[in-house]
Amino acid sequence: MPEFQTTPGTRDILPPDAARWRRFVDVFAGVVESAGYEQIILPMFEDLGVFQRLGDATDVVTKEMYDFVDKGGRHVALRPEQTAGVCRAFVQHHPNLPWKVWYSGPNFRYEKAQQGRYRQFDQVGVEVLGVDDPLLDVEVIALAHGFYRALGLRNVELHVNSLGDTGDRARYVAALESYFRAHEIDLTKESRATLERNPLRVLDSKRAEDRDVISQAPSISEFFSPEAASHFAAVQDGLSLLGIDFVVNDRLVRGLDYYRSTTFEFVSTALDAAQTAVGGGGRYDGLVEDLGGPSTPGIGFAIGLDRTLLACDAESVFGIDSSGTDVFVVDATGGRSALLLTAELRNAGLRADRAFGAKSMKSQMKSANKSRATVAVIIGEDELARGVATVRPMDGGEQSECPLGQVVATVTDIVKKAK
RNA sequence: GUGGGCGUAGCUCAGCCUGGUUAGAGCGUCAGGUUGUGGCCCUGAAGGCCGGGGGUUCAAGUCCCCUCGCUCACCCCA
């Protein structure tokens, strides 16, 4: 056991997995940039106050924030998500409306790790500030949906709900609380504890003993104002227009206090774990105002890399990319020829690798094979003396000789044909 | 923070119940299999304070306690 290891809840993403992570973000960027979203890069830690707006009644702020006091006495927190940071940046910089941004990168929470949940976890996501059109909700949901499809995932369900406007939500929470209080005796003690903190979250209980009480609980839809009802109807209509399947799940309540109106979640039915949500989001009209800005509607979603990649594994899609190098230079004459040739090949745009340490030709050929090179270029004493190189296709084709000056052209030709 | 399971070679694991000669396998790595050439095959080598500490015993990878870590679940979910 080495003296130092990754600290709990963190881990190294080694090759070749790291390349897969990068492709994941590349695919996401391609999807959202085609819809006019621009990248934003936020600090990884901010004043704790920025994140305290997430909700007082949740454990999120009280025990799961990765916070500390820095040497200047500032109470800061590693960002637990990026929505609050985006809103803070919006208030700080006054961008033109609508502000459509996307982001990727690590977030942090202080809690015990389990499958698909780490203390440092990566997300990609988008936020749009300044538009309350329900058709924007549809666009945002459609982008997430399109991204899952771009990855190749098929077993992802879209759940949508609305929490109504601020007044609706407050009246619903009150009604829910009195309902659960009346049936407290039938709830598990865990759910009774949740009831004390946040009645909405009781709806999220997966415990079988709670199921009956929850199924009889009032639905948020009974509390919709006419405006909230028509907004939600327009969202559903838009999704149908795009041919995106969804289920209305009136038990879907997101945990944070700032959510209003449209909420949605993507659930992988391919995952066999306690955590099956691979992404989610919703409207948070009011968050910008909470952070000291003008009243501004907002909506966004975040998608977790770890869990989404687990879903990809479960569906055997978006696998590790096993593309190797184009050409491997074998030099049995000391290595100076390889130094020169790999430089020339790389300058010509080819992926070229070589061995170091003056190994035997056999050993270097093994390395060439492992590099999955399309072609090997071999320089032995004989070639060096005659000013030529042996070019050997690694798929078993006939090898040939060519003058050193034509190696790049010859290799380029073979690599092109192989593709 | 709470509970269950698990820590033996780089990786996946056997051995532990029923303590006893130099702790094993597969894969991977490295080197060979004559005269300059990969994959398949064959041979060989390197690589382990058996997570750490304490205890029981003539003797501990094996039994007991503690601790650290991983993992699954609970809580919570950004």
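Chain letters run A, B, ... following the sequence lines, proteins first and then strands; every chain starts at 1.
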Separation of atom [atom1] in [X] from atom [atom2] in [N], rounded to whole Å:
X: A:Q364; N: B:A31; atom1: CD; atom2: C1'; result: 15 Å
X: A:R119; N: B:G69; atom1: CZ; atom2: C1'; result: 12 Å
X: A:D12; N: B:C70; atom1: CG; atom2: C1'; result: 14 Å
X: A:L14; N: B:C11; atom1: CG; atom2: P; result: 11 Å
X: A:Y118; N: B:C70; atom1: OH; atom2: P; result: 11 Å
X: A:E81; N: B:C77; atom1: CD; atom2: P; result: 13 Å
X: A:Y110; N: B:U2; atom1: OH; atom2: P; result: 12 Å
X: A:L252; N: B:C77; atom1: CG; atom2: P; result: 13 Å

Taking salt bridge (Lys or Arg N to Asp or Glu O under 4.0 Å) as the definition, give me every residue that meets it alongside A:E177, ordered by chain and number, with sequence neighbours left out.
A:R181

Salt bridge (Lys or Arg N to Asp or Glu O under 4.0 Å) with A:R88: which residues, sequence neighbours excluded?
A:E46

For [N], give the paired nucleotide (Watson-Crick: N1-N3 plus N6-O4 or O6-N4; G-U: N1-O2 and O6-N3; both under 3.5 Å), or none.
N: B:G3; value: B:C72
N: B:G38; value: none
N: B:A23; value: none
N: B:U29; value: B:A45

Closest nucleotide among B:U71, B:G32, B:C70 to the A:K112 side chain:
B:U71

Residue A:P8, side-chain heavy atoms: nucleotide from B:A31, B:C70, B:C76 that is nearest
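Looking only at side-chain atoms, A:P8 lies closest to B:C70.
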
Distance, [atom1] atom - from [M] to [N], rounded to whole angstrom:
N: B:U67; M: B:U2; atom1: P; answer: 11 Å
N: B:U62; M: B:G7; atom1: P; answer: 12 Å
N: B:G3; M: B:A46; atom1: C1'; answer: 43 Å
N: B:A60; M: B:U18; atom1: C1'; answer: 15 Å
N: B:G55; M: B:G19; atom1: C1'; answer: 15 Å
N: B:C65; M: B:G4; atom1: P; answer: 13 Å
N: B:C6; M: B:A14; atom1: P; answer: 11 Å
N: B:G69; M: B:G53; atom1: C1'; answer: 14 Å

According to ring-ring contact (aromatic ring centres under 6.0 Å, His included), who are the partners of A:F266, at least two apart in sequence or on a separate chain?
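A:F266 satisfies ring-ring contact (aromatic ring centres under 6.0 Å, His included) with A:Y148 once adjacent residues are dropped.
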
Which residues share a ring-ring contact (aromatic ring centres under 6.0 Å, His included) with A:H75, sequence neighbours left out
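A:H75: no ring-ring contact (aromatic ring centres under 6.0 Å, His included) contacts found.
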
Between A:R201 and B:C77, is there a contact of a side-chain N or O with OP1 or OP2 at under 4.0 Å?
yes

At under 4.0 Å, does any side-chain N or O of A:S363 touch on OP1 or OP2 of B:A31?
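Result: yes.
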
For A:Q123 and A:S104, which I'm curious about, is there any donor-acceptor pair between the side chains at under 3.5 Å?
no

If you measure from the Lys or Arg side-chain nitrogens to the Asp or Glu carboxylate oxygens, is any gap between A:D313 and A:R20 under 4.0 Å?
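Counted as a salt bridge, because a side-chain N and a carboxylate O are separated by less than 4.0 Å.
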
Presence of salt bridge, A:R386 and A:E401, under 4.0 angstrom:
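Here A:E401 pairs with A:R386 in a salt bridge, since their nearest N and O are under 4.0 Å apart.
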
side-chain contact (heavy atoms from CB on, under 4.5 Å) against A:V248, all qualifying residues, sequence neighbours excluded:
A:V160, A:F232, A:Q236, A:F246

Quick check: on RNA chain B, is the nucleotide nearest A:R109 upstream (toward 5') of the one nearest A:T10, or the reverse? Name the residue that is more 5'.
A:T10

Can you give one letter per nucleotide of nucleotides 33-43 of chain B, 5' to 3': B if a protein heavy atom sits under 4.0 Å from the base, S if only from the sugar-phosphate, - if neither?
B--BBBB----

Determine whether the aromatic ring centres of residues A:F51 and A:F45 are separated by less than 6.0 angstrom.
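Not close enough - the centres of the two rings lie 6.0 Å or further apart.
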
